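Read the numbers this way: they start at 1 and go in the same order the structure lists the ligands and their atoms. Here the structure is a predicted model, which means the values were calculated and not measured.
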Amino acid sequence: MKILLTGGAGYIGSHTAVALLDAGHAVAVLDNYSNSSPEAIRRVEQITGKSVNLYEADAADKSVVMDILKKEMPDCIIHFAGLKAVGESVEKPVEYYRNNIDTTLTLLECMKELGLKNFVFSSSATVYGDDHKPPFTEEMTKGACTNPYGWTKWMQEQMLTDAALASEKGSDWKEPLSVVLLRYFNPVGSHESGLIGEDPQGIPNNLMPFISQVAVGRRDHLTVFGDDYDTPDGTCRRDYIHVMDLAEGHVKAAEYAAEHTGTEVFNLGTGNPYSVLDMVKAFGAACGHDVAYEIGPRRAGDIQDSWANADKALKVLGWETKRGIDEICRDAWNWQSHNPNGYK
Ligand code: NAD
Ligand code: WQD
C-alpha cells in the first residue's frame, strides 16, 4: 500500500515510517517541522535503504494538503501531526485546539472530496481520564480529560467516529470511511540502530527523555514527581511501550483499515505497569551507571496508575509487544549516547 504520514518526521511517525517500509509499503511524509527535523527522514531512508516522498507543509492548510493528496492518492493516511505537550496545552489552549482539531478537519474534508477511505489516528490513553481503574479496556467510557491536549484527542476521536458513521449511511461521501483509533500508552525507546529517536526541544516533559538526558550528562538529576502514591514503591505506574512495537502496531492497523469500514478502537500497550523508580533502575543498568534523582512533590494532573488491557489488538490485529523494559532502556541509551544533542 501507499501510506501518507502527517507528522511523519516526528518521534513516532519516523519509527512508523521504518516499520512500514520494512513491511514493503510505500511511504510519503507531510510535516511542517514545528517539532521535528527533515534529518529524521534522511535517517529513515538510511536505515531502510528506501526513499520517502517528503513534503514540508501544514496539515491544516487545505489547498496544500489537497495538492499533496491528489498527487499521492494514498491507500491510507496515518495522522500523527499535532501538538502534544500537556503542560503547554494548559497555557496555550487556543493554539492546541486550532492545530489539532484543524488538521483532522482538513484531512477529513480532503478525503471526502477525493474519495479516500482509510484513516489511522494517533490517540492517547489520556482519553480514559481518571474515572476508571486500570487495566483500561476499549469499551470503557471515555473520561473527563485533565488538560486541553487530552480534550483535543477526545474530540478528534468523536469527529472521526461521527464522520465514519455518516459516510456509511449513504450520505455525500464517495466511500464509507474506515477509521482506526489507536490509543497509545507511554511510547519510549528508539529504533535498534540508534539513528532515530526522541528529540524533545527544551526541557523534556516526559520521564524517559529526562532520564536519558541525565544519564548522558545534559542534566543534573531527575526529579521524581511524588513517592507517596498507593503503589509498592510510592511512585506512579505506567505502561511503557517500545516505540518499534508501537510502530509495528501501525502497520497492522493500516492493513486492517484497508479491509474494513466503520470505526475501531485499539489500545496499544504492553499490559505491564512499571513505576518511575523501576524505570530509573532499569536505565541505570542499561547505561552502566546510576541515574541521579531526588524525590519532589506530585505533579498536578498526574494519575496514579495507567496501563492497558491489550487483548483486543492481539485478537483482532494479531499484534502484541515483543520488547520489554531492558530493550527499551538499551535502545533509548543507544540513541541518546550516540546523539547527545538529538538531530542537531
Ligand atoms: P512529535 O511532536 O515528535 O511528532 C508530531 C509531528 O507533527 C512533528 O513532526 C511536528 O512537526 C508535526 N506537526 C505538528 N503540527 C503540524 C501541522 N499542523 N502540520 C504538519 N505537521 C505538524 O510527537 P510524537 O510523540 O511523534 O506524537 C505523534 C502523535 O502521537 C501526536 O498526535 C501525539 O499527540 C500522539 N501521541 C503521542 C504520545 C507520546 O507520548 N509521544 C502518546 C499518545 C499520543
Ligand atoms: C510518566 C511518569 C510522572 C517526568 C504523558 C501524557 C499522555 C501521553 C504520554 C500523549 C509519571 C513521572 C515524569 C519527570 C517524573 N502523551 N515523571 N519526573 O504523564 O504518563 O503521560 O505522556 O498523549 O497524554 O499525559 O508520561 O512521561 O510525563 O510521566 O517523576 O521529570 O513519570 O509523574 O508518573 P504521562 P510522562
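For Arg183 and Phe136, the positive end is not near the middle of the six-membered ring at less than 6.0 Å and at most 45° from its axis.
For a threshold of 3.5 Å applied to N or O pairs, the pair formed by Phe80 and ligand 1 contains at least one separation below that value. For ligand 1, one of its N or O atoms has an N or O atom of Gly10 under 3.5 Å away. Looking at Ala59 next to ligand 1, an N or O pair under 3.5 Å apart turns up. For Ala60, no nitrogen or oxygen atom sits less than 3.5 Å from a nitrogen or oxygen atom of ligand 1, counting backbone and side chain alike.
Under a 4.0 Å N-O distance rule, the pair Asp172/Lys112 qualifies as a salt bridge. Taking 4.0 Å as the cut-off between side-chain N and carboxylate O, Glu72 and Lys2 count as a salt-bridged pair.
Every atom of ligand 1 with a heavy atom of Ser123 under 4.0 Å away is listed here by number and element: 43 (C), 44 (C). With ligand atoms numbered from 1 in the order given, ligand 1 contributes 43 (C), 44 (C) to contacts under 4.0 Å with heavy atoms of Ser124. Below 4.0 Å from some heavy atom of Asp58 lie the following atoms of ligand 1, by number and element: 17 (C), 18 (N), 19 (N). Residue Ala57 has at least one heavy-atom neighbour below 4.0 Å for each of these atoms of ligand 1: 19 (N), 20 (C). Taking a cut-off of under 4.0 Å to the non-hydrogen atoms of Thr103, the atoms of ligand 1 that pass are 18 (N). Heavy-atom proximity to Tyr33, at under 4.0 Å, picks out these atoms of ligand 1: 11 (O). Within ligand 1, the atoms closer than 4.0 Å to a non-hydrogen atom of Ser122 are 29 (C), 30 (O), 32 (O), 35 (C), numbered from 1 in the order shown. Close approach to Ser34 involves these atoms of ligand 1, each under 4.0 Å from a residue heavy atom: 10 (C), 11 (O), 13 (N), 14 (C), 15 (N).
In this structure, the ring pair (Phe, Tyr, Trp, His ring centres under 6.0 Å) partners of Tyr343, at least two apart in sequence or on a different chain, are Trp335.
The option from Asn186, Leu182, Asn32 that lies nearest to atom 20 (C) of ligand 1, judged by heavy atoms, is Asn32. The option from Tyr184, Tyr96, Phe121 that lies nearest to atom 43 (C) of ligand 1, judged by heavy atoms, is Tyr184. Among Thr126, Asp31, Leu268, Ile241, the residue whose heavy atom lies closest to atom 8 (C) of ligand 1 is Asp31.
Near ligand 2, residues Val86, Ser124, Thr126, Tyr149, Asn186, Asn205, Asn206, Leu207, Leu222, Thr223, Val224, Phe225, Cys236, Arg238, Tyr240, Val276, Arg299, Asp302 come within 4.0 angstrom through at least one heavy atom.
Without hydrogens or angle criteria, Arg298 side chain to Asp228 main chain gives a donor-acceptor distance under 3.5 Å. Between the side chain of Glu91 and the backbone N or O of Glu88, no donor-acceptor pair lies under 3.5 Å.
Ligand 1 is never approached by Glu198 to a heavy-atom distance shorter than 4.0 Å.
Screening Thr104, Asn100, Thr103, Thr161 for a side-chain hydrogen bond (donor to acceptor under 3.5 Å, both in side chains) with Gln156, the sole residue that qualifies is Thr104.
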